[in-house]
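Everything numeric in this text was worked out from a predicted model, so none of it was measured. Computation of the quantities below employed the complete heavy-atom set of this structure, encompassing side-chain atoms and omitting hydrogens, waters and symmetry-equivalent molecules.
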Amino acid sequence: MTTTQAAAAPGLAGRILAGYGDRVSVHDLYDEAGASVYHDLAAIDTTEIRELLRSVRAVPGPVLELAAGSGRLTLPLLALGREVTALELKESMVTLLQERLTEAPAGIGGRCTVVRGDMSAFELGSTFAVVVLGTTSISLLDAEGRAGLYAAVRTHLRPGGRFLFSTVDVTGADEDDLDLEAVGASGRRYRMIEHWRAGQEVRKVTILPAERETPQDGPVLALTTSIRVLPPDDLARELASAGLRVVARHPLPAASPRHTGVLLEAEAV
């Protein structure tokens with residue numbers, strides 16, 4: 001394992017990866033190597049879907065979904081009978097989404113337009129009743145990226161439209177590392193380790209095969225991602241500065257004792 005790979009997985013995850021030595025192969029969760037694992041985990045995750053769909057139903061009209069990934073929210077949005085434009089940056093995710101739309105029930109895929117683009121800088125030449133950014137994807141953007149996101153969203157919202165997005169706040173904990181097991185839609189089990197120390201801006205997440213599924217020899221795939229800690233109050237202030245006002249906050253089911261999720265609903269001022 002290289003020095004760069006070790007830095008990508010601090011704490012408990014770094015120690016585990018070091019134990020595999022040269023066998024470990026570290027990749028970003030959202031690159032080509034991680035796409036299938038991301039989709040496996042996302043396909044079974046229903047967090048925020050009920051709350052988001054409830055808010056979308058209240059605002060008739062076309063939907064723009066940002067950072068659509070492999071379609072975790074896209075297909076439920078289409079099931080509402082809406083026209084959906086799904087924007088996604090990563091080519092591997094675009095490919096997965098297009099495959100899922102092809103396999104979807106007749107008529108659903110035809111109401112979805114897939115666009116490859118950056119959620120922090122896009123121009124689609126049309127407006128939408130609702131803009132959706134799920135899966136706490138806003139935490140992938142730095143301050144400059146979020147400013148670009150807000151400006152683009154405001155440009156693409158119809159009068160009376162809504163911007164819906166989720167975020168997760170993190171509460172203090174006795175341990176820096178949170179070690180969980182997750183099961184994907186395929187039945188495969190994963191070990192998810194989050195490293196975060198109170199006060200840090202970023203939490204590091206590493207995904208490994210569960211211990212019982214780790215190969216005895218051969219390569220071990222490890223996926224990492226960095227997720228910013230963005231409390232709802234901080235985001236509300238940023239939105240206000242960008243001409244967007246939070247009009248509702250919807251609590252989301254907690255993924256763990258140290259995570260507090262919320263779906264924010266904003267409109268253009």
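- Think of Leu180 as one node in a network of Ile, Leu, Val, Met, Phe, Trp and Tyr side chains linked at under 4.5 Å; its network also takes in Leu178.
- Looking only at side-chain heavy atoms (C-beta outward), Thr260 and Val168 stay at 4.5 Å or farther from each other.
- The nearest pair of heavy atoms linking Leu97 to Gly69 is CB-O, 3.6 Å.
- Considering every non-hydrogen atom in both Val183 and Ile44, the closest pair reads O-CG2, 3.4 Å.
- Counting only distance, with no hydrogens or angles, the side chain of Arg158 and the backbone of Pro62 share no donor-acceptor pair below 3.5 Å.
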| field | Worked verdict on Leu78 versus Val63 for side-chain contact (heavy atoms from CB on, under 4.5 Å) | value | CA-CA 9 Å; Leu78 288 168; Val63 177; over 6 Å; no
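- Identified under the salt bridge (Lys or Arg N to Asp or Glu O under 4.0 Å) test for residues 93-113, with sequence neighbours left out: none.
- The two residues Cys112 and Ala86 have their closest heavy-atom pair at SG-CB, 4.1 Å.
- Side-chain atoms of Pro209 and Tyr190, non-hydrogen and from C-beta on, never get closer than 4.5 Å to each other.
- Sorted by first and then second residue, the salt bridge (Lys or Arg N to Asp or Glu O under 4.0 Å) pairs involving residues 64-73 (not counting sequence neighbours) are Asp45-Arg72, Glu48-Arg72.
- The same ILVMFWY cluster, assembled from side-chain heavy atoms under 4.5 Å apart, contains both Leu141 and Phe122.
- With hydrogens and angles ignored, the 3.5 Å screen pairs no side-chain donor or acceptor of His27 with any backbone N or O of Glu32.
- Under the 4.5 Å side-chain heavy-atom criterion for ILVMFWY residues, no single connected hydrophobic cluster contains both Leu64 and Leu164.
- The hydrophobic cluster containing Met93 does not contain Leu73, counting ILVMFWY residues as joined when their side-chain heavy atoms lie under 4.5 angstrom apart, directly or transitively.
- Note: Arg23 CZ to Thr214 OG1 = 8.0 Å, rounded to the nearest 0.5 Å.
- Between the side chain of Asp179 and the backbone N or O of Ile193, no donor-acceptor pair lies under 3.5 Å.
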| field | Val205/Thr224 under side-chain contact (heavy atoms from CB on, under 4.5 Å): CA gap, chis, key distance, verdict | value | CA-CA 6 Å; Val205 177; Thr224 66; over 6 Å; no
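- Rounding to the nearest 0.5 Å gives a distance of 13.5 Å between CZ of Arg154 and CG of Leu149.
- Checking side-chain atoms of Glu88 against main-chain N and O of Lys90 turns up a donor-acceptor pair under 3.5 Å.
- Considering every non-hydrogen atom in both Arg82 and Val56, the closest pair reads NH2-O, 2.8 Å.
- The shortest side-chain heavy-atom distance between Glu194 and His259 falls under the 4.5 Å cut-off.
- Between Leu221 and Val24, every side-chain heavy-atom pair lies at or beyond the 4.5 Å cut-off.
- Among residue pairs with one or both ends in residues 42-92, none qualify as ring-ring contact (aromatic ring centres under 6.0 Å, His included); sequence neighbours excluded.
- Here CG of Leu29 is found 7.5 Å from OH of Tyr38. Values are rounded to the nearest 0.5 Å.
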Under 3.5 Å donor-acceptor pairs involving side-chain atoms of residues 240-254, not counting sequence neighbours:
unit_1, atom_1, unit_2, atom_2, d
Ser241, OG, Arg237, O, 3.3
Arg245, NE, Glu267, OE2, 3.4
Arg245, NH2, Glu267, OE2, 2.3
Arg249, NH1, Asp233, OD1, 2.8
Arg249, NH2, Asp233, OD1, 3.0
His250, NE2, Ser55, OG, 3.4
His250, NE2, Glu265, OE1, 2.9

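- Contact annotation: the side chain of Thr85 approaches that of Val115 to within less than 4.5 Å [non-hydrogen atoms, C-beta and beyond].
- The OG1 atom of Thr206 sits 9.0 Å away from atom CG of Leu223, with the distance rounded to the nearest 0.5 Å.
- With sequence neighbours excluded, no residue satisfies ring pair (Phe, Tyr, Trp, His ring centres under 6.0 Å) with His39.
- Taken together through direct or relayed side-chain contacts under 4.5 Å among Ile, Leu, Val, Met, Phe, Trp and Tyr, Ile207 and Ile227 form part of one hydrophobic cluster.
- More than 12 non-hydrogen atoms from other residues, nucleotides or ligands lie less than 6.0 angstrom from CD of Glu123.
- Side-chain contact between Phe165 and Val153 is absent, with no heavy atoms from C-beta onward closer than 4.5 Å.
- Rounding to the nearest 0.5 angstrom, the gap separating the CG atom in Leu263 from the OG1 atom in Thr136 is 11.5 Å.
- Judged by distance alone, the side chain of Arg228 and the main-chain N or O of Leu140 form a donor-acceptor pair under 3.5 Å.
- By the rule that hydrophobic residues join a cluster once side-chain heavy atoms approach within less than 4.5 Å of another member, Leu77 and Leu87 end up as members of separate clusters.
- Put simply, the side chain of Thr102 gets close to the backbone of Gln98: a donor and an acceptor are under 3.5 Å apart.
- There is no side-chain donor-acceptor pair under 3.5 Å between Asp176 and His195.
- For the pair Arg188 and Glu213, the salt-bridge criterion is not met [side-chain N within less than 4.0 Å of a carboxylate O].
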| query | When you look at Glu175 and Arg258, which way does the salt bridge (charged side-chain N to carboxylate O under 4.0 Å, His left out) test go after all the steps? | reply | CA-CA 11 Å; Glu175 301 291 335; Arg258 83 186 207 182; over 6 Å; no
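- Looking at Tyr30 and Thr225, their side chains come closer than 4.5 Å, going by heavy atoms from C-beta outward.
- Across all their heavy atoms, Ala33 and Ser36 have their closest contact at O-OG, 4.3 Å.
- Within a 6.0 Å sphere centred on CD of Gln200, heavy atoms belonging to other residues, nucleotides or ligands number more than 12.
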| query | Please walk me through it: do Leu66 and Val131 pass side-chain contact (heavy atoms from CB on, under 4.5 Å)? | reply | CA-CA 7 Å; Leu66 304 176; Val131 179; 3.7 Å; yes
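- The two residues Leu239 and Ala266 have their closest heavy-atom pair at CD1-CB, 4.4 Å.
- Residues Val130 and Arg57 are not in side-chain contact: their nearest non-hydrogen atoms beyond the backbone lie 4.5 Å or more apart.
- Atom CG of Asp169 and atom OG of Ser139 lie 11.5 Å apart (nearest 0.5 Å).
- Within 6.0 Å of the CZ atom in Arg197, the count of heavy atoms belonging to other residues, nucleotides or ligands does not exceed 12.
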